[in-house]
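Owing to the predicted nature of the structure, the values given are computational and were not obtained by experimental measurement. Reckoned from all heavy atoms, side chains included, excluding hydrogens, waters and symmetry mates.
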Amino acid sequence: MEMLKTPLVDVTARLDPGLLFDAMALLEAGIWTWSPQQGLRRDPSCLRLLGLGESWPDDLGWLERVHPDDVARLADALSACQSGRSSGLRLEYRILHHHGHYIRLEERIRRDERGHLLGVVRHLDPAVVLVEERHGTDPLTGLESRSRFEQLLEERLLAEGGSFSLLQFSVDHMAKIRQLFGEVACDAMLAKLARIVRHELRREDPFARRDEDGFILMLSRTERMKGLEIAERLRLEIADASLLPQRPVTVSIGLVQSQSGEQLDHLLARLATCHGQARRERNAVVG
C-alpha cells in the first residue's frame with residue numbers, strides 16, 4: 001500500500017528504447033517503415049504477430065500471406081500512400097498465421113512530408129474468428145463453411161437451371177502426410193492450397209472447405225467440358241506448388257454439371273461418385 005501514498009507526478013522523459021519490444025508484445029502490434037531510398041523495413045514485431053521468429057521461414061512475404069479477397073485492397077491502399085495520393089490510411093484485413101489459420105489485423109499508415117511511410121499493424125480480437133465461423137466461414141482457410149456453401153448451392157440450383165459445374169477435391173495420401181509432418185504443418189498446407197485455388201477462381205464462384213482434407217467449389221455459368229479444363233489446370237498447379245518441404249502435394253478431383261430441376265441430394269451423390277473414382281486413381285480428374 002506504500003505505492004498509494006506516493007504522489008502521482010507526471011514527468012515527461014524519453015524511455016529506454018528496449019521497452020519498445022515489450023510494448024509491441026503487450027499491444028499485439030508491429031511496426032514498419034518505407035522510404036524510396038531504403039524500401040520497406042519491417043520490424044520483427046510484425047512477424048511475431050504471425051507466430052514467426054526474427055525472419056521469414058519460407059518464400060511467402062507479407063502480401064503473399066494476406067487473404068486473397070483482401071490483398072488487392074491492401075496493395076491499392078499502400079500504393080496510394082507511396083505515390084502521395086493519400087497521406088494515410090486505416091484498414092482491416094485477414095492474413096495467414098504460421099499455424100495455418102487466418103487472423104484479422106488492423107493496419108494504420110502515415111505519410112510524412114519527406115514521402116516516408118510509418119506503419120503500425122495490430123492484431124484484432126481473436127474472438128472475431130469465432131464470429132466468422134458462426135457466420136459461415138471456415139476459420140482455418142477463411143473459405144465458406146460447408147453448411148453455408150450448401151445453402152448457396154441450393155439457391156443456385158433453383159436460380160440457374162443446370163448452368164454451373166461443381167468440383168470436389170481432396171488431398172491425396174493425407175493420413176501419411178499428417179503422420180510425417182504433423183498437424184500444424186498440414187493445417188498450414190491446407191490454408192496455402194486454398195489460397196492458390198481461390199486466386200484462380202472468379203470472385204462470384206463459391207468455394208468452401210468440405211471436410212478435414214477436402215474442398216468443394218462451384219463454377220458459375222460453366223459447362224462440363226470447360227469445367228474439366230479448369231479442374232485439370234488446378235490439379236497441375238497444386239502439384240507444382242511447394243506446399244510441403246521436399247514432398248509434392250497432389251489432389252484428386254471429381255466434377256459434375258448440374259441438371260435442370262435436379263435436387264441437391266442427387267447432385268451431391270453424383271459428385272461423390274466422381275470424386276470417389278478420382279481418389280482411387282490418385283492425382284486425377286474424373287467427370
Side-chain angles (χ1 to χ4, degrees), residues 68 100 136-178 186-187 189-241 243 248-260 262-287:
T137 304
D138 173 54
L140 174 66
T141 61
L143 301 177
E144 285 153 333
S145 66
R146 176 174 176 171
S147 59
R148 174 59 180 157
F149 181 89
E150 290 184 357
Q151 178 185 347
L152 293 171
L153 179 57
E154 194 151 26
E155 293 171 359
R156 201 69 62 91
L157 273 174
L158 296 173
E160 293 205 4
S163 60
F164 64 86
S165 290
L166 201 61
L167 277 71
Q168 182 178 346
F169 64 93
S170 54
V171 177
D172 297 326
H173 310 290
M174 189 62 181
K176 183 65 173 179
I177 291 174
R178 201 174 295 277
C186 285
D187 284 349
M189 178 269 291
L190 290 171
K192 292 175 186 176
L193 186 154
R195 287 166 56 87
I196 290 173
V197 176
R198 178 74 269 179
H199 182 72
E200 294 298 317
L201 302 178
R202 294 166 297 189
R203 187 175 293 273
E204 67 267 22
D205 292 333
F207 180 29
R209 188 179 182 195
R210 182 169 173 81
D211 50 36
E212 188 177 65
D213 62 343
F215 301 84
I216 188 168
L217 64 92
M218 185 193 310
L219 299 173
S220 303
R221 302 180 302 280
T222 303
E223 296 185 351
R224 175 178 171 273
M225 293 307 297
K226 181 62 176 178
L228 288 172
E229 291 179 17
I230 295 172
E232 181 63 15
R233 187 173 74 241
L234 291 175
R235 184 188 69 82
L236 293 173
E237 187 162 351
I238 291 169
D240 289 342
L243 295 175
V249 173
T250 61
V251 295
S252 299
I253 306 175
L255 177 144
V256 293
Q257 180 180 341
S258 62
Q259 300 171 351
S260 179
E262 187 171 23
Q263 298 297 311
L264 176 63
D265 290 347
H266 187 264
L267 175 62
L268 292 178
R270 290 198 297 118
L271 181 63
T273 299
C274 292
H275 178 238
Q277 183 179 340
R279 293 200 72 164
R280 288 189 291 274
E281 296 180 17
R282 306 286 188 189
N283 194 20
V285 175
V286 174

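- Between L190 and M174 the shortest side-chain heavy-atom distance falls below 4.5 Å.
- In this structure, CZ in R280 is found 10.5 Å from NE2 in H275, a value given to the nearest 0.5 Å.
- Heavy atoms only, all atoms of each residue included: C274 and L255 are closest at SG-O, 3.7 Å.
- Within a 6.0 Å radius of CD in E281, more than 12 heavy atoms belonging to other residues, nucleotides or ligands are found.
- Nearest heavy atom pair, residue A194 against residue F207, reads O-CE2, 3.6 Å.
- For CD of E237, the number of neighbouring non-hydrogen atoms (other residues, nucleotides, ligands) closer than 6.0 Å is greater than 12.
- The side chain to side chain donor-acceptor pair (under 3.5 Å) search around R203 returns none, not counting sequence neighbours.
- Contact annotation: the side chain of P206 never approaches that of L153 to less than 4.5 Å [non-hydrogen atoms, C-beta and beyond].
- L193 pairs with exactly one of D213, L234, T141, I238 by the side chain to side chain contact (heavy atoms under 4.5 Å, CB included) rule, that one being I238.
- Side chains of K192 and M189 form no contact here, defined as non-hydrogen atoms less than 4.5 Å apart.
- Remark: the backbone N or O of A278 is paired with a side-chain donor or acceptor of S252 at under 3.5 angstrom.
- Once rounded to the nearest 0.5 Å, the distance linking CG of D211 with CD1 of I216 reads 9.5 Å.
- The pair R233-E229 does not count as a salt bridge, with every side-chain nitrogen at least 4.0 angstrom from each carboxylate oxygen.
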For this session: Decide yes or no on side chain to side chain contact (heavy atoms under 4.5 Å, CB included) for L243 and V171, but give the supporting numbers first.
Result: CA-CA 11 Å; L243 295 175; V171 177; over 6 Å; no
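- F169 is linked by a ring pair (Phe, Tyr, Trp, His ring centres under 6.0 Å) to F215, counting only residues two or more places apart in sequence or in another chain.
- Contacts of T250 classified as side chain to side chain donor-acceptor pair (under 3.5 Å), with partners at least two apart in sequence or in another chain: D172.
- Nearest heavy atoms, I196 versus A241: CD1-CB, 3.5 Å.
- Of all heavy-atom pairs spanning A231 and L167, the tightest one is CB-CD2, 3.6 Å.
- Annotation: the span from Q257 atom CD to L219 atom CG amounts to 10.5 Å, rounded to 0.5 Å.
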Exercise. Should E204 and R221 be marked as a salt bridge (charged side-chain N to carboxylate O under 4.0 Å, His left out) after you check the CA-CA gap, both sets of side-chain angles, and the distance that decides it?
Worked result: CA-CA 11 Å; E204 67 267 22; R221 302 180 302 280; 3.2 Å; yes
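- Remark: side-chain polar atoms of R279 are not paired, donor with acceptor, to backbone N or O of G254 under 3.5 angstrom.
- In this structure, T222 contributes its side chain and F164 its backbone to no donor-acceptor pair below 3.5 Å.
- A side-chain N or O of R156 and one of S220 form a donor-acceptor pair less than 3.5 Å apart.
- Between atom NZ of residue K176 and atom CZ of residue R178 there is a gap of 14.0 Å, rounded to the nearest 0.5 Å.
- For the atom pair CZ of R224 and OG of S258, the computed distance is 13.5 Å after rounding to the nearest 0.5 Å.
- Listed for the R198 side chain is a donor-acceptor partner under 3.5 Å among the backbone atoms of R202.
- The distance from the OG atom of S165 to the CE atom of M218 is 10.5 Å, given to the nearest 0.5 Å.
- In this structure, S145 and A208 approach most closely via the heavy-atom pair O-CB, 3.8 Å.
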